[in-house]
Amino acid sequence: MTSLQILSPINDARFERLKPVTFTGKVDPGIVTVELTADDKYSLGNNQVKADGSWSITYSGFTNPGKRKITAFGYDQANHEEETSIIIYVADSSDYTKTIYGGLVLDDYKKLKHTKSLPTDHRLTDAEGCRLFEQEILPILQSKETFMEATEEGRNKLNELVEQNKDQYGIHHAPCAYSVSCVMKYLAEKLGLATVKALFQDPCLIDNVQVTGVEKKLRRLGFLYFLKKDYLAPRGAIGARAPRWKYQGTENGSGHIYFITKDGAKRTQFPNPGQENEPAETGINGTKWQIKDLHAENLDFFDHVYMQWENGYTEGFWLPPGIYPLKR
């Protein structure tokens, strides 16, 4: 194993085009200089290794979007070379902002009976919320494979419970909230966020397998709730399906929760063939039938439309501290 490490960003992290990116890492004694390249041909800069073995290089911003290979080269005083690489993704203009702007409604969580008075006793800082969103949630939503990697432990655990006849809450019949909880636990362990891990340590607990229970924990982490009718849902937002009704001990229960992979208003393809007696998507945004968001949900569904029926659209969505939606 190489003694040269890139610690931040992590593999598969997502960045906006033309925005500065800082790479940091560690080396074992002996390496004195680190140089970065992109795609084996573009130099991103170099810097000296600090006395504690850490290094940092800031690049002004990537111009080419898409998948980029970042390689760090470490050199000792005799110019011996070590190298290590990660993959990052560079995107065009973001569908979210990190800035609170005029008219942005920050208290719609108060419209939900189960979250309006909750303390934010496990609140993430804005920096932690941005790390969680950009360096963890967005990377696992690159593909079905990356999403299923995040839910693998949860799938195995649920299969074990079912085989042993110990699925006391019937999770396997409706695993949406459990799926979100499993992902949150996975991400917390990767990022080392103790506050998140403390709430989602055991995804099988009753609060972690109910939509309202998961929403309560998101609010305790400082997540904010935004109404879909007012704001575009960015990829990575945690959505709750309409309509809300008296359910799971609250006046504002929801029958489904999921990660949004694409806002319905931004979709140009309509692949959903319909389910049971429900009509297929046609691309017509009528007053009754709307083009639905695409979801990552239920442990192994990806870029999927869960409900085709009239009210099966996103009512609102949750975002972590420091990440804000754009107006519709």
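Just so it is clear, the values below take in all heavy atoms, side chains as well, and ignore hydrogens, waters and symmetry mates. The structure presented is a predicted model; accordingly, all values stated were derived computationally and were not measured.
With a 6.0 Å radius and a threshold of 12 heavy atoms from other residues, nucleotides or ligands, Asn156 has its CG atom above the threshold. Heavy atoms from other residues, nucleotides or ligands lying under 6.0 Å from NZ of Lys26 number more than 12. By the neighbour-count criterion of 12 heavy atoms within 6.0 Å, atom CD of Gln164 is densely surrounded, having more than that number from other residues, nucleotides or ligands.
For the pair Ile70/Leu36, a side-chain contact is recorded, criterion being any heavy-atom separation below 4.5 Å from C-beta on. A 4.5 Å side-chain heavy-atom check between Asp300 and Ser179 finds every atom pair outside the cut-off. For the pair Tyr225 and Leu218, the minimum side-chain heavy-atom distance is 4.5 Å or more. Using a 4.5 Å cut-off on side-chain heavy atoms (C-beta onward), Ser43 and Glu35 make contact.
For residues 94-153, the ring pair (Phe, Tyr, Trp, His ring centres under 6.0 Å) pairs, not counting sequence neighbours, are Tyr96-Phe133.
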Check against side-chain contact (heavy atoms from CB on, under 4.5 Å), Leu161 and Lys157: CA-CA 6 Å; Leu161 290 175; Lys157 177 64 175 178; 4.3 Å; yes

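Using a distance-only test at 3.5 Å, with no hydrogens or angles considered, a donor-acceptor pair links the side chain of Asn47 to the main chain of Ser56.
Classification of Glu315 and Lys111 as a salt-bridged pair fails, no side-chain N sitting under 4.0 Å from a carboxylate O.
Placement of Tyr178 and Val162 within a single hydrophobic cluster is found when ILVMFWY residues are connected by side-chain heavy-atom separations under 4.5 Å, directly or transitively. The same ILVMFWY cluster, assembled from side-chain heavy atoms under 4.5 Å apart, contains both Tyr324 and Leu138. When hydrophobic clusters are built by joining Ile, Leu, Val, Met, Phe, Trp and Tyr residues whose side-chain heavy atoms come closer than 4.5 Å, directly or via intermediates, Leu106 is grouped together with Leu221. With hydrophobic clusters built from ILVMFWY side chains whose heavy atoms lie under 4.5 angstrom apart, Trp318 shares a cluster with Val105. Leu232 and Leu224 are members of different hydrophobic clusters when ILVMFWY side chains are connected at heavy-atom separations under 4.5 Å.
Ring orientation note: the planes of Phe301 and His304 are tilted relative to one another, at an angle of 30° to 60°. Aromatic ring pairs are classed by plane angle as parallel below 30°, tilted from 30° to 60° and perpendicular above 60°; the pair His295 and His256 is tilted.
Residues that satisfy the side chain to side chain donor-acceptor pair (under 3.5 Å) test with Thr71, not counting sequence neighbours, are Ser85.
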What pairs of donor and acceptor atoms, side-chain ones from residues 183-198 against any protein atom, are under 3.5 angstrom apart with sequence neighbours left out?
from	atom 1	to	atom 2	distance (Å)
Lys185	NZ	Glu153	OE2	3.0
Lys185	NZ	Gln201	O	3.4
Tyr186	OH	Glu149	OE2	3.2

